[in-house]
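Some notes on the structure that comes next.
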Number of protein chains: 2
Amino acid sequence: MIKHEQAIETLRLKGHRLTPQRLIVLSIIASSDGHMGVDEVFQAAKKTYPYMDIATVYRTLHLFKDLGVVTEVAIGDRLHFELTDLDGHHHHMVCRACNGAFNLSPHYLAEFRDTLNKEFGFEPDLEHFAVTGICIDCQRSEFESKEKQK
Amino acid sequence: MIKHEQAIETLRLKGHRLTPQRLIVLSIIASSDGHMGVDEVFQAAKKTYPYMDIATVYRTLHLFKDLGVVTEVAIGDRLHFELTDLDGHHHHMVCRACNGAFNLSPHYLAEFRDTLNKEFGFEPDLEHFAVTGICIDCQRSEFESKEKQK
DNA sequence: CATGTTATTGCAATCAATTGCGATTACTAA
DNA sequence: TTAGTAATCGCAATTGATTGCAATAACATG
């Protein structure tokens with residue numbers, strides 16, 4: 001739970017107020033190990049703080065994102081958030097069939113970034129990169145269901 | 001304007017109806033050389049067909065997208081569409097500062113796709129890939145404005 | 001050319017996300 | 001400890017995008 005304390009310190013240092021709403025959202029995100037949908041966070045927050053508003057959840061998550069405390073990931077067409085993992089920073093592969101998210105080590109993108117930089121002088125935002133596609137399991141079941149139709 | 005005719009033929013062959021709304025949206029997209037925002041298309045369409053509804057524009061663009069007639073690109077946080085360029089298929093680099101879009105040849109992504117395939121069996125959706133970042137011009141002006149502050 | 005079927009449209013409702021604004025409250029500084 | 005003030009919140013309205021549904025119209029068929 002060091003992350004938790006660090007995040008609070010970050011908030012304070014940058015001059016942001018430590019409101020109960022923020023602390024609740026933070027502890028919810030921190031206590032989950034994977035990424036959470038916005039509504040998931042909202043529902044959980046309402047349990048300990050019934051007045052919680054969905055707009056506050058969005059604003060809080062965006063603040064945390066700007067501070068680097070949480071990371072935004074697009075799963076399907078919804079936004080999800082997870083506590084930023086400074087040690088094991090990673091990207092995501094999201095399966096469009098089962099919506100499963102798989103971690104992707106940053107080194108798979110390093111070369112791509114270098115190329116864009118050298119060839120075009122373009123600095124891509126790849127900090128929180130996510131690519132959609134079809135995972136190996138869903139490829140298999142897709143194949144099987146096609147076989148069945150014959 | 002061969003593209004235009006081809007697109008109409010595609011619609012007909014797949015059993016879709018040639019409604020005035022579809023023909024209007026198609027001709028608008030075809031007559032623009034870059035990508036257009038949805039509202040841009042909508043406003044233009046209303047001029048020749050005042051009853052045009054925004055929902056129809058969305059449905060039409062999505063149909064065209066599924067048929068491969070147009071390509072969807074996320075510019076900023078809005079959806080844009082352009083006529084699919086079969087010969088010069090390309091991806092996009094979008095600058096988050098000036099919202100400018102730069103074309104990116106597909107071969108820059110070929111290796112990345114191969115790696116994901118071999119390592120994880122993951123088949124990424126890279127047909128209409130767009131990466132945000134900062135273009136070379138905006139990097140320069142960002143640098144200059146920081147210098148000025150000193 | 002007339003008719004029936006069914007895709008498509010227009011409208012209104014809805015959804016996820018964002019924003020304007022007056023009320024509230026966390027923090028600062030006396 | 002107590003005010004003062006600016007950040008933050010809750011609420012309601014708004015935005016971009018999608019969807020359900022009844023009315024309409026494109027197309028196939030006779």
Side-chain angles (χ1 to χ4, degrees), chain A residues 7-26 28 35-67 69-70 72-81 94 96 99 128, chain B residues 7-26 28 35-67 69-70 72-81 94 96 99 128:
Chain A
I8 291 175
E9 197 53 22
T10 305
L11 272 176
R12 164 165 281 136
L13 285 175
K14 298 257 176 115
H16 298 282
R17 294 186 180 167
L18 299 180
T19 66
Q21 292 92 334
R22 286 180 179 162
L23 297 178
I24 288 166
V25 169
L26 180 60
I28 288 168
H35 21 71
M36 297 184 76
V38 176
D39 198 64
E40 246 178 300
V41 176
F42 178 48
Q43 296 305 332
K46 271 205 293 195
K47 280 179 187 156
T48 43
Y49 192 85
Y51 294 104
M52 181 68 74
D53 191 275
I54 187 74
T56 302
V57 174
Y58 275 105
R59 282 190 278 233
T60 303
L61 289 173
H62 285 152
L63 173 65
F64 288 174
K65 176 187 157 196
D66 289 344
L67 295 175
V69 169
V70 303
E72 185 185 285
V73 192
I75 306 282
D77 56 351
R78 305 274 164 76
L79 297 182
H80 281 231
F81 293 84
V94 179
R96 92 177 99 87
N99 265 348
H128 309 307
Chain B
I8 291 175
E9 196 53 23
T10 305
L11 271 177
R12 164 165 281 137
L13 286 174
K14 299 258 177 116
H16 298 282
R17 293 184 182 169
L18 299 180
T19 65
Q21 291 92 332
R22 286 179 179 162
L23 297 178
I24 287 165
V25 169
L26 179 60
I28 288 168
H35 22 72
M36 297 184 76
V38 175
D39 198 63
E40 246 178 299
V41 176
F42 177 50
Q43 296 303 332
K46 272 206 291 195
K47 279 180 187 153
T48 42
Y49 192 86
Y51 294 105
M52 181 69 73
D53 191 274
I54 187 73
T56 302
V57 174
Y58 275 105
R59 282 191 279 232
T60 303
L61 289 173
H62 285 151
L63 173 65
F64 288 174
K65 177 187 157 196
D66 289 343
L67 294 175
V69 169
V70 302
E72 184 185 286
V73 193
I75 306 283
D77 56 352
R78 305 273 163 77
L79 297 181
H80 281 230
F81 293 84
V94 179
R96 92 177 100 87
N99 265 348
H128 310 307

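By convention in this document, chain letters (A, B, ...) are assigned in the order of the sequence lines, proteins followed by strands, and residues within each chain are numbered from 1. FYI, side chains are in, hydrogens and waters are out, and symmetry mates aren't considered; it's all heavy atoms of this structure. On a predicted model such as this, the values are computed, not experimentally measured, just so you know.
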Could you state the interatomic distance from [atom1] ([X]) to [atom2] ([Y]), rounded to the nearest 0.5 Å?
X: A/L13; Y: A/I8; atom1: CG; atom2: CD1; result: 12.0 Å
X: A/F64; Y: A/F81; atom1: CZ; atom2: CZ; result: 11.0 Å
X: B/L63; Y: B/L67; atom1: CG; atom2: CG; result: 4.5 Å
X: A/L18; Y: A/L26; atom1: CG; atom2: CG; result: 10.0 Å
X: B/L79; Y: B/L61; atom1: CG; atom2: CG; result: 9.0 Å
X: A/I28; Y: A/K47; atom1: CD1; atom2: NZ; result: 9.5 Å

Given atom [atom1] of [X] and atom [atom2] of [N], what is their separation to the nearest angstrom?
X: A/E72; N: C/dA17; atom1: CD; atom2: C1'; answer: 11 Å
X: B/Q21; N: C/dC11; atom1: CD; atom2: P; answer: 11 Å
X: B/L63; N: D/dT18; atom1: CG; atom2: C1'; answer: 15 Å
X: A/K14; N: D/dA7; atom1: NZ; atom2: C1'; answer: 17 Å
X: B/R22; N: D/dA25; atom1: CZ; atom2: P; answer: 15 Å
X: A/L11; N: D/dA7; atom1: CG; atom2: P; answer: 15 Å

Between the protein and nucleotides 27-30 of chain D, list the N/O to N/O atom pairs that are separated by less than 3.5 angstrom.
{"residue": "D/dC27", "atom": "OP1", "partner": "B/L18", "partner atom": "N", "Å": "2.6"}

Inset, instruction - Please list, by residue number, the residues of residues 35-60 of chain A whose heavy atoms come closer than 4.0 Å to an atom of DNA chain C; answer none if no residue qualifies. - result: A/A55, A/Y58, A/R59
Legend entry - Residues which pass salt bridge (charged side-chain N to carboxylate O under 4.0 Å, His left out) with A/K65, listed by chain and number, not counting sequence neighbours: A/E72
Counting only pairs under 3.5 Å, give me each side-chain donor-acceptor contact of residues 48-58 of chain A, with atom names and distances, residues two or more places apart or in other chains.
{"residue": "A/T48", "atom": "OG1", "partner": "A/A45", "partner atom": "O", "Å": "3.3"}
{"residue": "A/Y49", "atom": "OH", "partner": "A/Q21", "partner atom": "NE2", "Å": "3.4"}
{"residue": "A/D53", "atom": "OD1", "partner": "A/A55", "partner atom": "N", "Å": "2.8"}

Legend entry - Degree of bending in the helix from C/dC1-D/dG30 to C/dA30-D/dT1 once both end axes are built from five pairs, to 10°: 20°
Inset, instruction - For B/P20 and for B/H62, locate the closest nucleotide of DNA chain D by heavy-atom distance; then report the residue assigned to the nucleotide nearer the 5' terminus. - result: B/H62
Inset, instruction - With sequence neighbours excluded, give me every salt bridge (Lys or Arg N to Asp or Glu O under 4.0 Å) pair touching residues 11-26 of chain B. - result: none
